[in-house]
*Asks:* 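Take a look at the following structure, please.
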Amino acid sequence: QVQLVESGGGLVQAGESLTLSCAVSGRAPSNIAMAWFRQAPGKDREFVAAINWSAAFKNYADSVKGRFTISRDSAKNTGYLEMRNLGPEDTAVYYCAARTGYSVTYYYRQPLYEYWGQGTQVTVAS
């Protein structure tokens, strides 16, 4: 079984930055892909960013392109989401997700991800 634990959420002011972490433990496959999703109050959970096991492939939602950067440190079994120039619209619970292998076509589809963290709250004050 694979466990994901997010950390790094909090309250920030608009324009500030925040970096989320996702620690992976358990029997993770060597080609595990990771992604971040978020759910704002009253809205459906949506795709934010995804990365394959080697970091050769990265994809972002249009709403975060140029502001967010996804990365991973395989030696530490940890994924990261660096968020810059945050705005109130980025307020949400952020979830880390993982799956075996990377879909270059459907990386944004939630049902493809086998493992999920509990989420970490990010609140951006205006």
Side-chain angles (χ1 to χ4, degrees):
Q1 188 63 290
V2 175
Q3 293 83 40
L4 307 178
V5 178
E6 304 97 333
S7 61
L11 172 64
V12 297
Q13 298 296 314
E16 293 185 341
S17 301
L18 202 61
T19 297
L20 305 182
S21 299
C22 175
V24 181
S25 62
R27 292 190 163 190
S30 59
N31 62 339
I32 192 169
M34 301 179 70
W36 291 91
F37 293 81
R38 67 184 182 184
Q39 186 168 21
K43 295 187 177 181
D44 293 333
R45 189 161 59 185
E46 63 177 6
F47 169 76
V48 176
I51 187 171
N52 79 319
W53 68 275
S54 68
F57 293 97
K58 299 179 183 180
N59 292 95
Y60 297 92
D62 288 342
S63 58
V64 306
K65 278 181 182 176
R67 300 189 301 122
F68 289 14
T69 301
I70 190 171
S71 63
R72 64 188 301 164
D73 185 335
S74 296
K76 296 182 178 179
N77 287 330
T78 301
Y80 304 95
L81 183 68
E82 180 185 3
M83 306 182 292
R84 300 179 300 276
N85 193 22
L86 286 162
E89 66 277 11
D90 296 313
T91 294
V93 177
Y94 283 72
Y95 296 91
C96 176
R99 68 180 304 271
T100 303
Y102 188 80
S103 172
V104 296
T105 304
Y106 301 114
Y107 52 85
Y108 57 91
R109 295 188 65 181
Q110 298 182 48
L112 294 184
Y113 290 86
E114 305 160 72
Y115 312 106
W116 290 83
Q118 294 299 307
T120 185
Q121 177 71 47
V122 172
T123 303
V124 185
S126 58

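Excluded from the calculations below are hydrogen atoms, water molecules and symmetry mates; all remaining heavy atoms, backbone and side chain alike, are included. Heads up: numbering here begins at 1 and tracks the sequence.
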*Asks:* When you look at T69 and Y60, which way does the side-chain contact (heavy atoms from CB on, under 4.5 Å) test go after all the steps?
*Replies:* CA-CA 8 Å; T69 301; Y60 297 92; 3.9 Å; yes

*Asks:* Under the side-chain hydrogen bond (donor to acceptor under 3.5 Å, both in side chains) definition, can you give me all pairs with a residue in residues 91-101, not counting sequence neighbours?
*Replies:* R38-Y94, T100-E114

*Asks:* Could you go through Y115 and V24, starting from their C-alpha distance and side-chain angles, then the distance that decides it, and tell me whether this counts as side-chain contact (heavy atoms from CB on, under 4.5 Å)?
*Replies:* CA-CA 10 Å; Y115 312 106; V24 181; over 6 Å; no

*Asks:* When you measure from the side chain of R109 to the backbone of T105, do you find a donor-acceptor pair of N or O atoms at a distance under 3.5 Å?
*Replies:* no

*Asks:* How close do S74 and W53 get, counting heavy atoms only, and between which atoms?
*Replies:* OG-O, 3.9 Å

*Asks:* Which residue is it: N59, L20, L81, I70? I am looking for the one with a side chain to side chain contact (heavy atoms under 4.5 Å, CB included) to V48.
*Replies:* L81

*Asks:* Using only atom types and a distance under 3.5 Å, with no angle test, would you say the side chain of N52 pairs donor to acceptor with the backbone of F57?
*Replies:* yes

*Asks:* Could you check L86 against E16 for side-chain contact (heavy atoms from CB on, under 4.5 Å), going step by step and ending with a plain yes or no?
*Replies:* CA-CA 6 Å; L86 286 162; E16 293 185 341; 5.7 Å; no

*Asks:* If Ile, Leu, Val, Met, Phe, Trp and Tyr residues are connected whenever their side-chain heavy atoms lie under 4.5 Å apart, and connections chain through other members, are Y108 and L4 in the same group?
*Replies:* no

*Asks:* Test side-chain contact (heavy atoms from CB on, under 4.5 Å) on M83 and V12; report intermediate values, then the result.
*Replies:* CA-CA 11 Å; M83 306 182 292; V12 297; over 6 Å; no

*Asks:* Would you please classify the geometry between the Y113 ring and the F37 ring as parallel, tilted or perpendicular, with 30° and 60° separating the classes?
*Replies:* perpendicular

*Asks:* Which pairs count as disulfide bond (SG atoms under 2.5 Å apart) when at least one residue sits in residues 66-126, sequence neighbours excluded?
*Replies:* C22-C96

*Asks:* Give a yes or no answer on whether the side chain of R45 reaches the backbone of V93 with a donor-acceptor pair at less than 3.5 Å.
*Replies:* no

*Asks:* Report whether F47 and M34 are members of the same hydrophobic cluster (ILVMFWY, side-chain heavy atoms less than 4.5 Å apart, transitive linking).
*Replies:* no

